[in-house]
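Worksheet: the structure to be examined is printed underneath.
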Amino acid sequence: MSDKILLDVKGLKQYFNVGRPDEVKAVDDVTFHIYEGETFGLVGESGSGKSTTGRTIIRLNEPTGGEVIFEGKDVTKIKGKEELRKFRREVQMIFQDPYASLNPRMKVNDIIAEGIDINGLAKSTEERNARVNELLKTVGLDPNHGTRYPHEFSGGQRQRIGIARALAVKPRFIICDEPISALDVSIQAQVVNLLQDLQHDQNLTYLFIAHDLSMVKHISDRIGVMHGGKLLEVGTSDEIYNYGVHPYTESLLSAIPLPDPDYERTRTRIKYDDSVEKDGQVRTLKEITDGHYVYASDAEVKFYRDKIQAKKA
Ligand SMILES: Nc1ncnc2c1ncn2[C@@H]1O[C@H](COP(=O)(O)OP(=O)(O)OP(=O)(O)O)[C@@H](O)[C@H]1O
Ligand SMILES: [Mg+2]
């Protein structure tokens, strides 16, 4: 991981149905950055705005406000189709449901080659086919199976197809939106290992979205905790896992099953009461200790600093 910021998200807002009774602030003033070569884990319960954050970064949504600086350029300002196509070569997305995200009527070879074709990345059919074969091998699939259709593959294999499709355009940054949640537990580690190997070999940067803190802990360098469209806490994996202080982070931590059954039976799950945030005070994400950010009011800064210190003592 370098200290060069690859993606800088500033005050990102994504509201839906603005001005209507069903208005949703799916992403509400979210600020974070991701270093080159880093894996940034984004966790939170269903509906917290994780996918919307990812989709807005990659411009599948038109952002309501804020900036998304990638490689020094604000991608929210991209207007032309051509410029957007170039940006989407650099930034790819892998989805939770590997079946729904693959066209069932297309052969796997053609699914993987789509980005190569659209971007004119192969000079000849031979080069295109050779590249697809290489991609199939890279993700651990048999190149002879490229003429098959998605339904002929298992869930884990389909996710490998989705990964090959993303890699085909040689991206620098991949948004992994719960890429293993739909897979059997026995298969999850294999796909995670593949993603980690690829990151290492191809110097990739990941935004890794998950429900579960225990899942992202091992693969993330840093973690952001999201709830109700807000980023509530950010820090290194170890810091969040061991010294997370926002009540919502604490509730997530208390929900992770413990390996020791005796201890597991006696410990209490903390339930998050979000009325603490509805007291009329102005809160923003603030750096409480070095690199450890918490969504807090001015008055709460000292409280959280003391809380971190107490946990570390
Ligand atoms: N296109 C849309 N139109 C209206 N509301 C939307 C749209 N997309 C998302 N939302 C709403 O935005 C909120 C955040 O949704 P989002 O899918 O980002 O959550 P999530 O954290 O990814 O949840 P999950 O863990 O279930 O995938 C939800 O209330 C959702 O209903
Ligand atoms: Mg989602």
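Only this structure's heavy atoms are used, side chains among them; waters, hydrogens and symmetry mates stay out. Residues take their numbers from the sequence shown, with the count starting at 1. All ligand and atom numbering here is 1-based and tracks the order in the structure. These numbers were taken from a predicted model, which means no experiment stands behind them.
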Query raised in the report: Does a salt bridge link D28 with K230, judged by any charged N lying under 4.0 Å from a carboxylate O?
Result: yes
Report task. Look at R20 together with E23 and state whether they make a salt bridge at an N to O cut-off of under 4.0 Å. Result -> no
**Report entry** ligand 1: protein residues within heavy-atom distance under 4.0 Å
**Finding:** F16, V24, A26, E45, S46, G47, S48, G49, K50, S51, T52, E178, H211
Query raised in the report: Can you find a pair of side-chain heavy atoms, one from K107 and one from Y149, that are under 4.5 Å apart?
Result: yes
Report task. Report yes if the side chains of N242 and K311 come closer than 4.5 Å at any heavy-atom pair, otherwise no. Result -> no
**Report entry** Pairs touching residues 48-87 that satisfy ring pair (Phe, Tyr, Trp, His ring centres under 6.0 Å), sequence neighbours left out
**Finding:** F70-F87
Query raised in the report: Under 3.5 Å, is there a donor-acceptor pair between the side chain of S48 and the main chain of E45?
Result: yes
Query raised in the report: Within the stated cut-off of 2.8 Å, is an N/O/S atom of S46 closer than that to the Mg ion (ligand 2)?
Result: no
